[in-house]
Visitor: 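Following this message is one structure expressed as structure tokens.
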Protein chains: 2
Amino acid sequence: VTTLCLQTAAEVALVGELSDSIRVVVWDGAGEPPPNIADVDLFVASYMEPPVPDEALARMSRLRVIQVLSAGVEAWLPRVPPGVMLCNGRGVHGGSTAELAVAGVTSLLRELPRWREAQRAHEWVDAATDGSDGKRVVIIGSGDIGRRIGSALAAFGADVIYVNRSGHDGAHALSELPSLLPDAGVVILALPLTDESRGLVDGRFLAAMPDGAILANIARGKLVDTDALLAQLSSGRLSAFLDVTDPEPLPADHPLWDAPNLLLTPHIGGGTRGWDERAYRLVREQVLRLDAGVPLHNVVVG
Amino acid sequence: VTTLCLQTAAEVALVGELSDSIRVVVWDGAGEPPPNIADVDLFVASYMEPPVPDEALARMSRLRVIQVLSAGVEAWLPRVPPGVMLCNGRGVHGGSTAELAVAGVTSLLRELPRWREAQRAHEWVDAATDGSDGKRVVIIGSGDIGRRIGSALAAFGADVIYVNRSGHDGAHALSELPSLLPDAGVVILALPLTDESRGLVDGRFLAAMPDGAILANIARGKLVDTDALLAQLSSGRLSAFLDVTDPEPLPADHPLWDAPNLLLTPHIGGGTRGWDERAYRLVREQVLRLDAGVPLHNVVVG
């Protein structure tokens with residue numbers, strides 16, 4: 001018997017019918033736990049509920065797997081009890097996050113905000129814009145999201161290269177960035193936030209990018225030094241597309257809102273309608289695998 | 001000896017140095033022709049100059065090839081003299097036209113104009129948008145541009161199918177559209193304008209699309225019945241992205257400018273900076289092939 005713990009009844013409905021050997025318990029992590037909480041094998045951290053406290057996890061004394069539904073797991077990494085596996089939501093948000101990155105970068109390149117103004121003014125302007133054809137695009141992060149972004153931009157003729165920590169899987173290593181950034185017309189951040197990557201994009205990083213280049217961040221706000229980016233945007237030297245910020249949410253009086261050459265969306269990358277069906281299809285698959293003794297997908301720790 | 005005719009000195013510079021067996025003459029098609037005009041083998045119709053008259057073409061009595069630099073050749077088709085080959089600019093604008101189509105469609109799906117307003121108002125809104133992951137996208141036209149659009153959207157998880165005239169190359173036939181449109185969340189026009197395709201998207205076509213669907217046209221304005229589209233946009237049933245219109249350019253007092261649910265750009269699809277280098281790289285390749293007796297690229301007629 002395998003026991004799955006979900007935080008809300010809505011999630012039970014999304015997972016749908018399971019086999020007889022799988023039991024489902026519902027506990028939001030607050031209030032009184034159900035009697036069989038100690039039997040839980042797989043706990044799914046809800047996207048919609050506040051994070052469960054460590055005390056709640058400790059009640060699940062036989063816990064084997066924590067399933068998170070986002071791609072980034074930085075908040076969970078220090079919380080995984082010894083011997084417990086941590087799985088992420090790779091694939092659930094990959095398509096829509098990559099879509100948003102490409103939407104933002106191509107909007108800047110093709111000047112869509114300018115054409116929106118021209119449309120309002122009833123002005124048909126004869127003009128050429130920038131574009132990604134023939135442009136060097138550096139994607140930092142070579143996981144699911146980064147590769148999807150690269151595939152899309154390559155279809156437009158962009159010259160795409162990938163960078164990851166150690167240069168595995170045909171990518172360049174982070175240590176090569178100083179020689180790669182001066183040719184980068186576009187730099188896209190699609191890497192996890194870790195102690196090593198925090199603040200990766202600082203003043204020196206941005207200064208190495210060429211005039212007129214674009215920085216896009218659809219990963220985590222803390223990868224970028226906000227003040228350093230603000231200085232580059234204000235000087236007009238760089239443009240940026242940000243779906244994530246530091247701080248986040250951005251306070252109403254923060255200077256980033258009014259920075260020139262910036263397109264900003266409120267962390268909507270993975271949050272398209274229908275994401276929940278994709279997410280709980282993954283949960284269903286994972287619990288069936290655990291019950292059958294088959295290796296799980298998306299293992300980050302364990 | 002092979003003789004290449006270009007319309008401006010700027011184009012000669014873009015083509016660069018050629019082999020000794022190739023001669024270049026420059027004639028804009030007006031004024032007095034150069035003495036060796038009758039020797040011209042390959043005439044390149046400039047993008048930047050007014051179209052040469054038929055009388056000018058008739059002076060090139062040994063003409064073998066007309067090279068056009070756009071993907072669409074509808075204006076040239078009726079003008080090709082007997083025995084002369086017509087080549088188009090396939091590949092020159094493909095990447096950037098596909099990029100614009102994807103920029104426009106994803107801007108609508110992810111509501112980028114709405115986030116632009118929220119940015120201006122300093123509002124961080126917690127919201128989910130639509131997206132292409134899992135959505136059926138019907139691309140009408142399965143040439144270079146259509147396939148590039150499809151590759152990009154497939155990277156975001158879209159369920160892409162292609163339609164062409166007869167259903168060749170793994171695509172569906174135009175005759176199947178009545179059964180395909182009711183499931184199409186997005187329809188993208190990437191087909192040539194011909195007598196058959198003119199007005200393809202009429203009131204009946206649009207009525208067959210489901211509520212909330214998006215129509216994108218980056219091909220030619222006359223593929224769409226503007227009044228029928230206006231009615232659907234005004235009712236709020238469909239959204240659209242148009243880079244081409246009928247009439248074009250759109251007069252300042254045309255009702256399309258203010259139609260709701262419409263994103264409009266002024267035919268900037270292929271016109272990114274750097275297109276001219278790509279175009280004259282193709283011209284160079286074509287004249288070298290003609291001189292060497294090797295089959296040319298992008299043959300449309302002949």
Side-chain angles (χ1 to χ4, degrees), chain A residues 94-96 98-100 102-104 106-107 109-113 115-116 118-120 122-135 147-158 248-254 257-258 262-268 271-275 277-278, chain B residues 94-96 98-100 102-104 106-107 109-113 115-116 118-120 122-135 147-158 248-254 257-258 262-268 271-275 277-278:
Chain A
S96 52
E99 175 183 69
L100 187 71
V102 172
T106 57
S107 278
L109 288 169
R110 308 307 295 265
E111 304 180 33
L112 292 197
W115 304 124
R116 187 82 182 136
Q119 182 181 352
R120 284 199 173 126
H122 295 204
E123 281 173 3
W124 188 277
V125 184
D126 196 10
T129 69
D130 205 349
S132 60
D133 197 349
K135 198 178 285 290
R147 297 282 176 180
R148 288 172 185 261
I149 295 169
S151 298
L153 295 176
F156 309 147
E248 185 177 315
L250 202 61
D253 61 353
H254 197 284
W257 288 110
D258 292 323
L262 173 69
L263 213 57
L264 191 149
T265 54
H267 204 151
I268 58 163
T272 52
R273 290 188 279 275
W275 80 267
E277 288 165 31
R278 294 192 295 277
Chain B
S96 52
E99 175 182 66
L100 187 72
V102 172
T106 57
S107 279
L109 287 170
R110 306 308 294 267
E111 304 180 33
L112 293 198
W115 304 124
R116 186 84 184 136
Q119 182 180 352
R120 284 200 172 127
H122 295 205
E123 281 174 2
W124 187 277
V125 185
D126 195 12
T129 69
D130 205 349
S132 60
D133 196 351
K135 198 179 284 290
R147 297 282 176 180
R148 288 172 185 261
I149 295 169
S151 298
L153 294 176
F156 309 147
E248 185 177 316
L250 202 62
D253 61 352
H254 197 283
W257 289 111
D258 293 322
L262 172 69
L263 214 56
L264 191 149
T265 54
H267 204 150
I268 59 163
T272 52
R273 290 188 280 273
W275 80 267
E277 287 164 32
R278 293 193 293 278

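Because only heavy atoms are used, hydrogens play no part in the values below, and waters and symmetry mates are left out as well, while side chains stay in. All values derive from a computational prediction rather than experimental measurement. All chains are named by letter (A, B, ...) in the order of the sequence lines, taking the proteins before the strands, and each is independently numbered beginning at 1.
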Visitor: Do Arg110(B) and Ser96(A) come within less than 4.5 Å of each other through their side chains, counting heavy atoms only?
Guide: yes
Visitor: With a 4.5 angstrom heavy-atom cut-off, which part of Arg278(A) approaches chain B: side chain, backbone, both or neither?
Guide: side chain
Visitor: At a heavy-atom separation under 4.5 Å, does Ala127(A) approach chain B through its side chain, its backbone, both, or neither?
Guide: backbone
Visitor: Considering all heavy atoms of both residues, which atom of Leu109(A) and which atom of Glu99(B) are nearest to each other, and what is their separation?
Guide: CD1-OE2, 3.8 Å
Visitor: Which region of Ala98(B), side chain (C-beta onward) or backbone (N, CA, C, O), has a non-hydrogen atom less than 4.5 Å from a non-hydrogen atom of chain A, or is it both or neither?
Guide: both
Visitor: Measure the spacing between CZ of Phe156(A) and OG1 of Thr272(B) and express it to the nearest 0.5 Å.
Guide: 12.0 Å
Visitor: Closer than 3.5 angstrom, by distance alone: can the side chain of Arg148(B) be matched with the main-chain N or O of Ala155(A) as a donor-acceptor pair?
Guide: yes
Visitor: Leu112(B) and Ala103(A): which non-hydrogen atoms are nearest, and at how many Å?
Guide: CD1-O, 3.9 Å
Visitor: Please give me the minimum heavy-atom distance between Trp257(A) and Ala118(B), naming the atom from each residue.
Guide: CZ3-O, 4.1 Å
Visitor: Given that the side chain runs from C-beta out, which part of Leu100(B) has a heavy atom under 4.5 Å from chain A: side chain, backbone, both or neither?
Guide: both
Visitor: Between Trp124(A) and Leu264(B), is any pair of side-chain heavy atoms under 4.5 Å apart?
Guide: yes
Visitor: Can you tell me how far CD of Glu111(B) sits from CD1 of Ile268(A), rounded to the nearest 0.5 angstrom?
Guide: 7.5 Å
Visitor: With only heavy atoms counted, which part of Ala252(A) is less than 4.5 Å from chain B, the side chain, the backbone, both or neither?
Guide: both
Visitor: Verify whether one side chain among His122(B) and Asp253(A) offers a donor that lies under 3.5 Å from an acceptor in the other.
Guide: no
Visitor: side-chain contact (heavy atoms from CB on, under 4.5 Å), that's the test. Do Leu153(A) and Val102(B) meet it? Break it down for me.
Guide: CA-CA 10 Å; Leu153(A) 295 176; Val102(B) 172; over 6 Å; no
